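Have a look at the structure below, then the notes.
The structure displayed is predicted, hence computed values, not measured ones. A, B, ... follow the sequence lines: proteins, then strands. Residue 1 opens every chain.
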Amino acid sequence: MKALVPIKRVADFNARIRVRPDGTGVDLANIKMSANPFDEIALEQAVRLREAGGVSEVIAVSIGSAQCRDVLRSALALGADRAILIRSDLTLEALAIAKLLATLVRAEGIGLAILGKQAIDDDAGQTGQMLAALLGWPQATFASSVELQGASAKVTREVDGGLQTIEVNLPAVITADLRLNTPRFVGLPAIMKAKQKPIEERDAESCGVSLGARLCVLRTEEPPTRKAGVMVKTVADLVDKLRLEAGVL
Amino acid sequence: MAILLLAEHDGSVLLDQTARALAAALEIGSDVDILVAGKDIGAVAETAAGLAGVRTVLKADADDLDHQLPEAIAALVLQLAEGYDTIAAPATSLGKSAMPRVAALLDVMQISDVIAVLAPDTFKRPIYAGNAIQIVQSSDARRVLTVRTSAFAPVAATGAAAIETVAFAPAEARSRFIEEQRGKSARPELGAARIVVSGGRALGSAENFQTRVVALADVLGAAVGASRAPVDEGYAPNDWQVGQTGKIVAPELYIAVGISGAIQHVAGMKDAKTIVAINSDANAPIFQYADYGLVGDLFELVPQLTAALAQTRS
């Protein structure tokens with residue numbers, strides 16, 4: 001069974017994000033870009049499933065500009081067998097991404113798609129579920145453990161009330177939560193070796209799906225700032241302030 | 001301009017998120033129907049019918065809707081979608097799982113985590129862990145959205161809507177519920193609590209978490225939260241995690257104990273009305289967000305605070 005793992009190139013989780021003063025978006029100039037952390041967890045899981053024998057091949061795919069080659073190189077270094085770049089210079093929304101991924105799933109005969117549960121840039125959290133719906137597949141979102149059992153997968157999910165375990169028939173979409181695994185450390189030899197591997201390239205425009213944006217971003221704003229607080233010296237001071245000043249006790 | 005809102009419930013009780021998401025829906029338009037889906041959910045539907053401003057409660061009670069698996073919920077919503085311009089759900093585990101399926105099959109781009117309604121097609125939503133706010137306008141004929149419930153106050157329970165039964169025609173199920181481990185406690189639910197006490201990495205163990213953070217929460221009648229580290233280390237359950245990828249809370253009072261204040265955690269609590277931070281590191285970023293900061297050893301300060309509050313409350 002082939003597994004597909006999409007990798008999104010996003011601002012690094014440690015980067016300081018600033019809104020452009022003219023409200024046209026966030027300023028990503030000189031910001032370090034990395035693979036979306038949840039996508040790395042998804043990839044690690046796919047590689048582990050291949051190592052355990054349930055998956056035959058792990059294909060990493062990124063959709064975007066030529067710069068996405070960086071995150072695909074990292075994916076190959078971590079253990080992906082193949083990497084595909086679907087080129088587009090448009091800003092693509094989750095719906096368009098899901099449609100592009102669905103064409104790839106069909107073309108490659110994918111049996112399991114593992115995605116990050118959300119990207120840490122737009123925080124939308126939609127692509128995996130949309131992909132599952134477009135393919136008519138079941139889904140297991142927010143996975144904290146995955147066990148392949150022949151024609152199905154047993155997945156434990158992190159849900160609002162605690163943990164839920166479900167079984168999904170394969171083919172299926174799984175989205176990775178934080179506790180699914182800790183991606184392995186990738187050493188220099190693996191990075192050097194990954195540089196030799198080819199990255200297949202396709203053009204998003206030629207995939208036969210509509211890519212146009214449905215949402216128009218009218219403006220991007222700074223979030224409201226909190227007024228500066230005060231430091232208190234003792235627990236007694238704190239209790240007084242909470243009772244008399246804040247009135248929350 | 002009719003709106004369909006998916007109710008959030010736990011199988012027996014309607015949860016607070018529904019009344020909050022309803023407030024958002026009523027800002028979009030006045031014809032709001034609430035869909036209550038599940039098995040043996042008559043009482044939940046009754047509660048939903050009591051929320052102010054609801055036009056009709058649609059009750060779908062079926063074996064195939066037990067445990068509210070997103071494939072079945074999405075299929076049910078799609079059966080009903082024809083009559084609505086807007087389909088909304090609270091941004092809960094269920095809403096986040098089911099609504100993108102609905103959106104994709106309606107060929108609509110979903111708007112996730114709405115924090116303000118500016119017009120029926122224009123919304124505010126946070127991006128980059130709340131470090132920026134986008135104002136987005138949808139050009140789709142129908143809108144599908146999830147609502148960040150901490151951004152809306154719940155509507156009152158002063159309504160008396162009619163309840164209609166809707167039939168569910170299930171497709172062959174390809175996912176099955178196996179089991180659930182729910183944290184049982186008498187404490188208020190994290191997303192709805194007036195006071196939240198959260199612990200971080202500095203607690204270091206389950207025992208410390210219990211004797212410091214949980215003990216303080218108990219004195220205050222507060223919900224318990226955590227930053228990522230205690231959950232990763234296994235001494236706090238996953239449903240306590242507050243942050244960008246966990247729960248988003250906006251209580252009256254948030255007490256952060258031994259939490260450094262990474263942006264991923266701050267994203268989940270910075271809309272609290274009053275924030276208290278207790279940390280041994282005077283330079284910890286959490287103090288930039290705190291209304292009241294107390295620098296020192298939490299293992300001394302938190303028991304002192306617990307004792308002082310126990311005294312004032314008794």
Side-chain angles (χ1 to χ4, degrees), chain A residues 11 13 17 19 26 93-95 98 117-118 120-126 129-130 132-134 138-142 144 154 158-169 177-179 214-223 226 229-232 235-236 238-239 241-243 246 248-249, chain B residues 10 70-71 74 92-93 96-97 100-101 103-105 108-113 122 126-140 174-183 228 232 237-239 244-245 252-253 270 274 276 289-295 301 304-305 308-309 312:
Chain A
F13 78 102
I17 300 300
V19 176
V26 299
E93 295 170 345
L95 182 62
K117 75 162 180 175
Q118 76 191 74
I120 60 166
D121 53 0
D122 62 21
D123 285 332
Q126 302 175 11
Q129 300 88 308
M130 285 185 157
L134 293 174
Q139 66 183 40
T141 48
F142 323 137
S144 66
K154 189 174 160 189
E158 295 201 357
V159 295
D160 290 343
L163 295 171
Q164 181 193 61
T165 303
I166 60 169
E167 189 183 3
V168 289
N169 291 359
D177 213 320
L178 287 172
R179 256 76 58 183
R214 309 298 185 79
L215 303 181
C216 174
V217 180
L218 301 179
R219 200 162 67 249
T220 304
E221 297 177 339
E222 291 277 358
R226 296 187 69 91
V230 297
M231 301 304 280
V232 294
V235 164
L238 176 61
V239 173
K241 296 266 190 207
L242 289 177
R243 189 184 306 121
V248 289
L249 289 182
Chain B
D10 66 0
E71 293 84 352
T92 56
S93 300
K96 289 190 274 194
S97 297
R101 287 186 80 98
L105 294 176
V108 165
M109 177 58 199
Q110 174 180 299
I111 301 155
S112 299
D113 271 317
T122 309
I127 55 173
Y128 289 99
N131 284 299
I133 308 293
Q134 263 185 352
I135 297 170
V136 294
Q137 183 173 36
S138 170
S139 63
D140 284 314
R174 278 186 273 180
S175 57
R176 282 164 302 285
F177 172 86
I178 298 178
E179 62 178 353
E180 207 158 41
Q181 293 165 257
R182 278 180 184 273
R228 178 179 171 180
D232 281 359
N238 67 280
D239 50 309
Q244 179 184 19
T245 67
E252 297 268 304
L253 174 60
K270 69 186 164 74
T274 300
V276 171
Y289 304 92
D291 299 281
Y292 304 109
L294 186 54
V295 178
L301 296 173
Q304 278 179 33
L305 180 59
L309 291 170
T312 60

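Of the atoms belonging to V108(B), it is backbone heavy atoms, and not side-chain ones, that fall under 4.5 Å from chain A. For chain B, the nearby part of V19(A) is the side chain; its heavy atoms alone come within less than 4.5 Å. Proximity to chain A (any heavy atom under 4.5 Å) is restricted, for A308(B), to the side chain, taken from C-beta onward. In this structure, chain B has heavy atoms under 4.5 Å from both the backbone and the side chain of R219(A). For a residue to count as touching a neighbouring chain, one of its non-hydrogen atoms must lie under 4.5 Å from one of that chain's; by this rule D113(B) touches chain A with the side chain only.
For chain A, the option among P70(B), S93(B), S112(B) with the highest count of heavy-atom pairs below 4.5 Å is S93(B). Residue with the most contacts toward chain A among N131(B), I127(B), V136(B), N238(B): N238(B) (heavy-atom pairs, distance under 4.5 Å).
The backbone N or O of P138(A) lies less than 3.5 Å from no partner atom in the side chain of R174(B), so there is not a single donor-acceptor pair.
In this view, E71(B) satisfies the salt bridge (Lys or Arg N to Asp or Glu O under 4.0 Å) rule with no residue, not counting sequence neighbours. Listed by chain and number, the residues in a side chain to side chain donor-acceptor pair (under 3.5 Å) with D121(A) are K8(A) (sequence neighbours excluded).
At a threshold of 4.5 Å between non-hydrogen side-chain atoms, the residues K270(B) and P223(A) count as touching. Residues K117(A) and K96(B) have side chains not in contact (no heavy-atom distance under 4.5 Å, counting atoms from C-beta outward).
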